[in-house]
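Report on one structure; see the data block that follows.
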Amino acid sequence: MASSEEEGSVEEKENAKKKTIGTLATAWLTFYNIAMTAGWLVLAIAMARFYIEKRTHKGLYRAIQKTLKLFQTFASFELVHCALGLVRTSVLVTGVQVSSRIFMVWLITNTIRQIQDEESVILFLVVWTVTEITRYSYYTFNLLNHLPYFIKWARYNLFIVLYPLGVAGELLTIYAALPYARRSGMYSLRLPNKYNISFDYYYSLFIVMCSYIPLFPQLYFHMLRQRRKVLHGEIIVEKDE
Ligand SMILES: CCCCCCCCCCCCC[C@@H](O)CC(=O)SCCNC(=O)CCNC(=O)[C@H](O)C(C)(C)COP(=O)(O)OP(=O)(O)OC[C@H]1O[C@@H](n2cnc3c(N)ncnc32)[C@H](O)[C@@H]1OP(=O)(O)O
């Protein structure tokens, strides 16, 4: 049987280990949030400069696409953060949010070039940019324990308008992509083939569009609950999501 002295030192070691992990996690999250805020700020400046110089939105997506793809893909780390328990967020909610963005960037706007100049693309780009600058700066200042009230206010109020606008931009963009997806037969597998399976990207886009109906309200109500908790101090018992 271990003596009480030995037990005490095991506990001390465990506590020290937890503290080190906590410090490392905070350092990583601070670095990550600063990098993401900077990335989205660079995007905002690039978009504003493009529009001021060219006076048109045509060609804007092509001009900023590398930065967008880099930082939106980097957002996949958010799934790792909640899976590892570094942040108190549901993997499911984050998964839906991140995967829909990755899908929009890589499988819609990046691959279907003909739609890159659509106004709806600019709509979701502007909305995402405002959202992410606010969100990542909120996380950064929160971690540093110096959160200005206007950032807190913006984080938990702007989404009320920005979320529906972003969703509208995304849905209109997928809708604009439909004819090109149908004509090109891209990412589709027709029968007969050696795997004996068929997949139609065009129809799967309809499924994605329909999936916004049950999934978007979940995200929106999740944010409304967060808003009540953070701005009005309501204690909310979250069900396992
Ligand atoms: C394969 C094809 C799939 C297709 C699926 C199609 C269906 C799609 C339907 C959904 C459509 C979504 C569309 C969307 O892209 C449109 C837009 O985004 S429009 C723009 C407006 N959007 C927003 O405002 C929401 C932005 N997103 C988020 O806020 C988050 O992603 C979300 C997961 C929704 C919510 O975040 P969270 O639950 O984390 O809320 P909090 O910010 O309050 O954080 C909770 C606590 O965790 C701490 N935290 C979280 N992340 C960090 C971090 N990076 N660093 C440090 N701390 C972090 C946070 O501080 C909170 O801690 P505490 O409670 O202690 O204060």
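Every number for a ligand or one of its atoms is a count from 1 in the order of the listing. If you read the sequence from its start, that first residue is 1, and numbering goes on from there.
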Using modelled atom types and a 3.5 Å cut-off, is there a donor and acceptor pairing between side-chain atoms of Thr134 and backbone atoms of Arg155? no
Would you say Glu118 and Tyr61 are linked by a side-chain donor-acceptor pair, where the criterion is simply a distance under 3.5 Å? no
Ser211 heavy atoms, cut-off 4.0 Å: which ligand 1 atoms fall inside? 6 (C), 7 (C)
Nearest non-hydrogen atom to atom 29 (O) of ligand 1 belongs to which of Lys229, Arg155, Gln97, Glu132? Arg155
At a 4.0 Å threshold, what atoms of ligand 1 neighbour a non-hydrogen atom of Gln226? 40 (O), 41 (P), 43 (O), 44 (O), 45 (C)
Short list, please: which atoms of ligand 1 are under 4.0 Å from a heavy atom of Phe159? 24 (O)
Considering Met209, Arg227, Arg101 one by one, which has a heavy atom nearer to atom 18 (O) of ligand 1 than any of the others? Arg101
With a 4.0 Å heavy-atom cut-off (strictly under), which part of Ile102 contacts ligand 1: side chain, backbone, both or neither? neither
In the protein, which heavy atom is nearest to atom 32 (C) of ligand 1, and how far is it? Val93 CG1, 4.3 Å
Return yes if some donor-acceptor pair links the side-chain N/O of Tyr202 with the main-chain N/O of Met186 below 3.5 Å, else return no. no
Around atom 30 (C) of ligand 1, find the nearest protein heavy atom and jot down its residue, atom name and distance. Arg135 NH1, 3.8 Å
Expected output: side-chain His232 to main-chain Arg227 donor-acceptor under 3.5 Å: no
For Phe150 and Trp153, I'd like to know if the aromatic rings sit close, meaning centre-to-centre distance below 6.0 Å. no
salt_bridge(Arg101, Glu132) N-O dist < 4.0 Å: yes
Pick one of side chain, backbone, both or neither for how Tyr156 approaches ligand 1, counting any non-hydrogen atom pair under 4.0 Å. side chain
I need the contact type for Val98 against ligand 1. Using non-hydrogen atoms and a strict under-4.0 Å cut-off, is it side chain, backbone, both or neither? neither
Show which atoms of ligand 1 fall inside a sub-4.0 Å distance from at least one heavy-atom site of Val127. 19 (S), 20 (C)
With backbone taken as N, CA, C and O and side chain as the heavy atoms from C-beta onward, which portion of Met104 lies under 4.0 Å from ligand 1: side chain, backbone, both, or neither? neither
Report the nearest protein non-hydrogen atom to atom 1 (C) of ligand 1: residue, atom name, distance rounded to 0.1 Å. Phe103 CD1, 4.4 Å
Between Arg135 and Tyr138, is NZ or CZ placed under 6.0 angstrom from the six-membered ring centre and within 45° of the ring axis? no
How close does the nearest protein non-hydrogen atom get to atom 11 (C) of ligand 1, and which residue and atom is it? Tyr212 CE2, 3.5 Å
Let me know which of Thr109, Val126, Leu172 forms a side chain to side chain contact (heavy atoms under 4.5 Å, CB included) with Val121. Thr109
Please say whether Arg88 places an N or O atom under 3.5 Å from an N or O atom belonging to ligand 1. yes
Whether Tyr32 and His81 hold their rings parallel, tilted or perpendicular, with breakpoints at 30° and 60°: perpendicular
Who are the ring pair (Phe, Tyr, Trp, His ring centres under 6.0 Å) partners of Tyr163, not counting sequence neighbours? Phe216
At what distance is the nearest protein heavy atom to atom 56 (C) of ligand 1, and which residue and atom is it? Asn33 ND2, 3.6 Å
